[in-house]
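One structure is given below, encoded as structure tokens.
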Amino acid sequence: MKKRWRMIQKTALLLSALLLSGCAQSALRPASPSAPEEDSRLITEDGQSTADAVPSTAPETTAPIPETTVPPQPESTAPPPLETIEIIGGGEIDLSADPFAEGREPAGQYAPSALMYHLILEEPYTNLTDLFVRPSEFEDHLQVLTAAGCEFLFAGEYGTTEGRSIILTFDDGYEDNYTEMFPILKKYGARATVFMITANINAPGYLTEDMIREMADSGLVRFESHTVTHPTLTSLSREGLQEQFAGSANRLYELTERYPTAICYPGGTVNDFVIGEATRYYTFGYTTVNSANTSGCNPLAIPRVRVSRGMSGAAVMSKLGW
Ligand SMILES: [Zn+2]
């Protein structure tokens, strides 16, 4: 495992050097740069058509996000440009940091189910209302799951457990994950994983660096990859995939001092080629296949139960088949 990770780290280092040298700049641009219509969308509903993908965050795009899609914000700041991808630690990778050392050694008869959330917010600010689970509903979910003796695992801890276990996942990294979700998580001592679009860190409506650090430091939240710019991975070249995988991993390491070990495929779009490339960087991959049964699944293609607005704790339990 260790050897493999070091190989991955070296690959990441090489890639980063490539990026810095500008050799791969052109590949950083989205596959279809002429898609300003799609760019107006702030929220992505994973699993839907790729036309619903998150806005492109190409550095050359300076057009402001239309008012209707922007959540209440005191001020607007552009997403960080992709040039922020850089070599970690001033060019030196810390080989003593073995990401697998923190892993648990789960063993048991239960395979965890994964739940897919996006936002925890009382009032939806787009027409994708299903994605906005009310805070009271999320609290109900945690109450019921806790009462059922459920163990909360991080996405990077996937494995069999002795009792019932659950993996709470939040896609994209919206701001409410800090303002609404995090306080409820603390109240129950539950643990959750945020799949962060790293180019959107500090962008309007998304988590800031400070929020990410505070959440990660709490020990209750881990940040895993949702790529750099949320592209349709099946349309990318090997080089493009490597930039998305390595770039997001480096950025998260820079912020949390922990390399991600899991990735969530944007829009749930994935194929064998993408998975093959993902295995070079990640141990676990999460899809939008809507199923509670993860038993015997490919660890790079773990299904998740979609949680929608209006679902009670009992409804979640029913979806889980508990
Ligand atoms: Zn997403």
Going by heavy atoms in the side chains, are [X] and [Y] under 4.5 Å from each other?
X	Y	value
Gln244	Thr229	yes
Val305	Ser291	no
Ile166	Pro112	no
Leu233	Phe245	yes
Met116	Tyr286	no
Phe284	Leu300	no
His141	Val133	yes
Thr126	Phe132	yes

Between [X] and [Y] (side chain of the first, backbone of the second, donor and acceptor by atom type, cut-off under 3.5 Å), is there such a pair?
X	Y	result
Glu224	Ala262	yes
Ser312	Ala315	yes
Thr287	Ile302	yes
Arg309	Leu128	no
Thr232	Ser235	no
Asn271	Val274	yes
Thr256	Leu252	yes
His226	Cys264	yes
Gln143	Asp140	no
Asp172	Tyr174	no

Minimum heavy-atom distance [X]-[Y], with the two atoms named:
X	Y	result
Pro124	Glu122	CD-O, 3.6 Å
His230	Gly267	CE1-N, 3.9 Å
Val228	Glu243	CG2-O, 3.8 Å
Ile120	Asp176	N-OD2, 2.7 Å
Leu119	Asn177	CA-ND2, 4.5 Å
Ser165	Ala111	OG-C, 4.4 Å

Inset, instruction - Start with the C-alpha gap between Thr227 and Phe195, add the side-chain angles, then the distance that decides, and say whether side-chain contact (heavy atoms from CB on, under 4.5 Å) holds. - result: CA-CA 8 Å; Thr227 72; Phe195 288 116; over 6 Å; no

Rounded to the nearest 0.5 Å, what separates atom [atom1] in [X] from atom [atom2] in [Y]?
X	Y	atom1	atom2	answer
Gln109	Arg164	CD	CZ	11.0 Å
Leu121	Met181	CG	CE	12.5 Å
Leu255	Leu207	CG	CG	10.5 Å
Glu175	Thr208	CD	OG1	8.0 Å
Leu142	Leu185	CG	CG	6.5 Å
Arg191	Phe152	CZ	CZ	10.0 Å

Determine whether the side chains of [X] and [Y] contain a donor N or O and an acceptor N or O closer than 3.5 Å.
X	Y	answer
Glu139	Tyr188	yes
Arg306	Thr288	no
Ser248	Ser225	yes

Inset, instruction - Walk me through it: do Thr269 and Thr234 pass the test side-chain contact (heavy atoms from CB on, under 4.5 Å)? - result: CA-CA 7 Å; Thr269 312; Thr234 50; 3.1 Å; yes

Applying the 4.5 Å side-chain criterion to the ILVMFWY set and letting contacts propagate, would [X] and [Y] be lumped into a single cluster?
X	Y	result
Tyr253	Phe154	no
Tyr110	Leu115	no
Val289	Tyr158	no

Inset, instruction - Run the salt-bridge test on Arg238 and Glu277 with the 4.0 Å N-O cut-off and return the result as yes or no. - result: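 Looking at Glu277 together with Arg238, the answer is yes, because their closest N to O distance falls below 4.0 Å.
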
Legend entry - Electrostatic pair Arg251-Glu209, nearest N-O below 4.0 angstrom: yes

Inset, instruction - Kindly indicate, with the supporting measurements, whether the criterion side-chain contact (heavy atoms from CB on, under 4.5 Å) is fulfilled by Tyr265 and Ile263. - result: CA-CA 6 Å; Tyr265 309 109; Ile263 183 159; 3.9 Å; yes

Legend entry - Derivation and outcome, side-chain contact (heavy atoms from CB on, under 4.5 Å), residues Ile167 and Thr294: CA-CA 11 Å; Ile167 298 170; Thr294 70; over 6 Å; no

Legend entry - Qualifying residue for ring pair (Phe, Tyr, Trp, His ring centres under 6.0 Å) with Phe170, from Phe182, Phe138, Phe223: Phe138

